[in-house]
Every structure is written in structure tokens, then in C-alpha cells.
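Single-structure report; data block below.
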Amino acid sequence: MEQFLQNCHENQKNLSAVLYGKDDLRLESTPLPHEPDKNEVLLMISKVGICGSDIHLWTNGCIGPFTVLDPIITGHEASGQVIAVGDEVTTLKVGDRVAIEPSIPCLRCENCRQGSYNICPNAYFSSAPPYNGLLTKYLKWPADFCHKLPDNVSDDEGALVEPLSVALHASHRADIRGGEIILICGAGPIGLLNLLVSKAFGATKVCITDFNESRLEIAKSLGATVTILLKKGQSENEIKDQIIHGLGRMPDKVLECSGAEASIRLAIETCRDGGKVMLIGCGPNEVTIPVMSVVHKELDIGGSFKYRNTWPKAIDLISSGTINVKPLITHRYKLKQTLEAFGKAKSGNGIKVMIDCLND
């Protein structure tokens, strides 16, 4: 630990991506972490993926109820290496590589006691204002929320355990089963990961929609049965007919990953009678939906927020080769290139932008 601090002070920096507000992201030195408390580990961050919510927060200065009022370190998809452990940590040792679960619940509220720690109202969630995120060189973190990576899972894959956990939780919430037909609205990273999870769970046909043709090409390579390229000016009925024609019938479940009002409406109108629509994407606080379609079709509409108890399963799915997340990484940058990396992610050209914090 003393050697670590000496090396850091010689380098005179703990380089971090700090968000000051709307369109104001800066790369600067932040205070070095202190020695870990008894149940914490000190981490050297390896890889950090840029999420759509990171871009939304950067370009809008807010996301949902979270508004940037004071500077925060951004980023929440990360892997790292343990470089020091607290006195009571027994599950990890120096040198272990880990995937970092970025949400720390209070474990005392009613939601936590009932097992739904993902909706803990008191949770610390990385990069959700006012809390700092993970796009930094060094940080301390509770050992219970650091999940050891097997030797055959890379740091890149470790960083993608977070978005894969989002997809796993959504699929659990949607109760996706073998033999079902699935529609996924949106072919961004979360949509594509939901495609991989749906296939792993035994879905026989999966249709995915998007305005971006290159993303749909990746979806095809990942096993999508049908891809629908959306075009401006298309009517809801036209798109619905394309989906049903491609799948052979209405889907059993719809995973809405865009958050757009038009996409939510399409999900409701396209889902089969008695089916289920799961809302995953972050969009406007309020949208207009065809409520009577929900009633007449007796649809179940649910929301899916973050994840709970999915991290070991996500790591096992990657380690076993059941799910391959590597093709989602389309661009790589160094930590010192963070602003360029965020610009690339904002452009929509590519899928997952990965930042290397080790080899800077």
C-alpha cells in the first residue's frame, strides 16, 4: 500500500473523467483514494465501457431524476485489479481481477430486505449524480460488490458484465422461455445483449429493429432471425406488418430498449394477446400509449431497472462460451483519449466504445 501511494504521488495524478454539467466533460487529476476500510478493496481500473446513459448525462446534464449539480466522475461499466484489501476481506486477494458492480444498496430498507436491492432508494449508483463513477485510475470499492473474474474472461469482457447483467435481469423479468418468439426494439448495446440472452434462454425466433443498418448487420451476425430497418415516415402499421411477416406471427414478448415513445407504442401494438412488454430503455418521463390496446389484449407491461443477483451468472455465461460479448466492442481508446471516445460513442457509429485505463 505504501509503495502504491509513493508511486502515485510520483506520478502526481489519479486521472479521471469528470463531468461538470451539460456538454462539459473534463479529464483531470482527482484525489487519490485512501487505504481501504476493513470490508473494501483498493482497485486499479482496467477497462471502462461507455454506456448510452453516460452519453445522455453528458449531453443533457441530467437523466431521469438525476441532475449534475456538482462535478462527478462518470462511468459505470468497469473491470479492475485488486491492489490492496481491507483487514476483513476474505473473498479477494491482491492480484485478483474483478468485474465491478457499480450500485451499492443500503441493505437496510424494505426493498433491500425483500431482495430487490436494485431498487433501493438509498443506493449509491456510480455516475448517477451526486455519486462518483468508475472512469478513473484508482478507487476503493466494497469487496462484496467486486466479482472475481476467471482466467479465461478478459478485462474487456469483465467491463461488459454490467450491461450483460442489465439484459439478464430484463429477461428474467420478462420470463423468457424456450420456444418463444421475441421482438427487441433497438439494436444498441443493450438490445444486442438482450438478443444474446434471449437466444441463450431458448428463444426460437428473435426480431430486432433499428434505424442504423450497421447495427442490424451485427445483430444478424449474433443470431437475429429477422432484422427490420426502420425509416422515417413509416407508419406504425407498416412496421408492425413487417415484423409479423418476418416472424410468422406476433411475438410472445417484446423487450423495448430504446425508450422512444413511438417504439413503446409499437411494442404494445405488435405484442400478441396475453403477451408481455418489458420497458428497459431510458426515454422521456412521460409518453402517450394506447391504453385500451393494453386492456383489450390483456398485456402485462413491466419495467426493468439495473440488475440484482445476476453478476455470477453473467460471468459464468461468458466464461462457458454460452454468450460471446466480444463482437460488441467496436472501438478502443486510452484513458487520455476519453473526450474523443465519448464523441465516438455519441456519434452512434459502432456499438461499444471501450476505454483502457491501464495502458495510458
Side-chain angles (χ1 to χ4, degrees), residues 49 51-53 77 156-157 159-230 239 242-244 246-260 263-264 266-267 270-272 275-282 302 304 306-307 310 313-318 320-330 348 350-353:
C51 174
S53 62
E77 301 178 0
D156 283 342
E157 292 169 308
L160 290 179
V161 171
E162 196 275 347
L164 177 56
S165 283
V166 172
L168 271 176
H169 181 60
S171 292
H172 289 153
R173 293 272 296 143
D175 191 26
I176 292 178
R177 303 182 182 188
E180 289 188 322
I181 293 178
I182 308 298
L183 168 64
I184 298 173
C185 300
I190 296 301
L192 293 174
L193 285 165
N194 271 288
L195 164 63
L196 291 174
V197 172
S198 294
K199 299 289 287 186
F201 280 20
T204 51
K205 293 182 180 180
V206 181
C207 174
I208 191 164
T209 66
D210 205 279
F211 285 95
N212 188 314
E213 189 168 7
S214 63
R215 291 188 171 189
L216 293 178
E217 288 299 321
I218 292 177
K220 287 179 184 177
S221 70
L222 295 177
T225 313
V226 180
T227 59
I228 303 293
L229 179 63
L230 304 176
I239 302 170
Q242 281 184 275
I243 293 169
I244 296 172
L247 290 174
R249 64 171 176 84
M250 288 181 164
D252 301 293
K253 310 281 174 61
V254 183
L255 305 175
E256 204 300 301
C257 300
S258 75
S263 187
I264 296 171
L266 177 68
T270 308
C271 191
R272 72 163 176 82
K276 183 174 289 188
V277 175
M278 190 56 53
L279 304 180
I280 307 163
C282 293
S304 182
K306 296 191 295 189
Y307 24 69
T310 54
K313 181 180 289 187
I315 292 171
D316 285 346
L317 285 168
I318 294 172
S320 67
T322 304
I323 287 181
N324 181 13
V325 297
K326 292 178 184 177
L328 273 67
I329 303 173
T330 54
I351 303 298
K352 180 59 65 177
V353 175

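Under the 4.5 Å side-chain criterion, counting only non-hydrogen atoms from C-beta, Ser263 is in contact with Ser258. Between Asp175 and Lys253, the closest side-chain pair of non-hydrogen atoms falls below 4.5 Å. Side-chain contact check for Ser198 versus Leu255: some heavy-atom pair is nearer than 4.5 Å. Residues Asp316 and Thr322 form no side-chain contact, since every pair of their non-hydrogen atoms from C-beta on lies 4.5 Å or further apart. Contact annotation: the side chain of Ile351 approaches that of Pro189 to within less than 4.5 Å [non-hydrogen atoms, C-beta and beyond].
Using modelled atom types, no side-chain atom of Thr227 and backbone atom of Ile208 make a donor-acceptor pair closer than 3.5 Å. For Asp252 (side chain) and Gly275 (main-chain N/O), no donor-acceptor pair under 3.5 Å exists by modelled atom type.
Within 6.0 Å of atom CZ in Arg177, 12 or fewer heavy atoms from other residues, nucleotides or ligands are found, so the atom counts as exposed in its surroundings. Within a 6.0 Å sphere centred on CD of Glu213, other residues, nucleotides and ligands contribute 12 heavy atoms or fewer.
For the side chain to side chain contact (heavy atoms under 4.5 Å, CB included) with Val325, the qualifying choice from Leu222, Asp156, Leu160 is Leu160, the only one to do so.
Ring to ring, Tyr307 and His172 are not that close: their centroids are 6.0 angstrom or more apart.
Here the CE atom belonging to Met278 is positioned 11.0 Å from the SG atom belonging to Cys257, to the nearest 0.5 angstrom.
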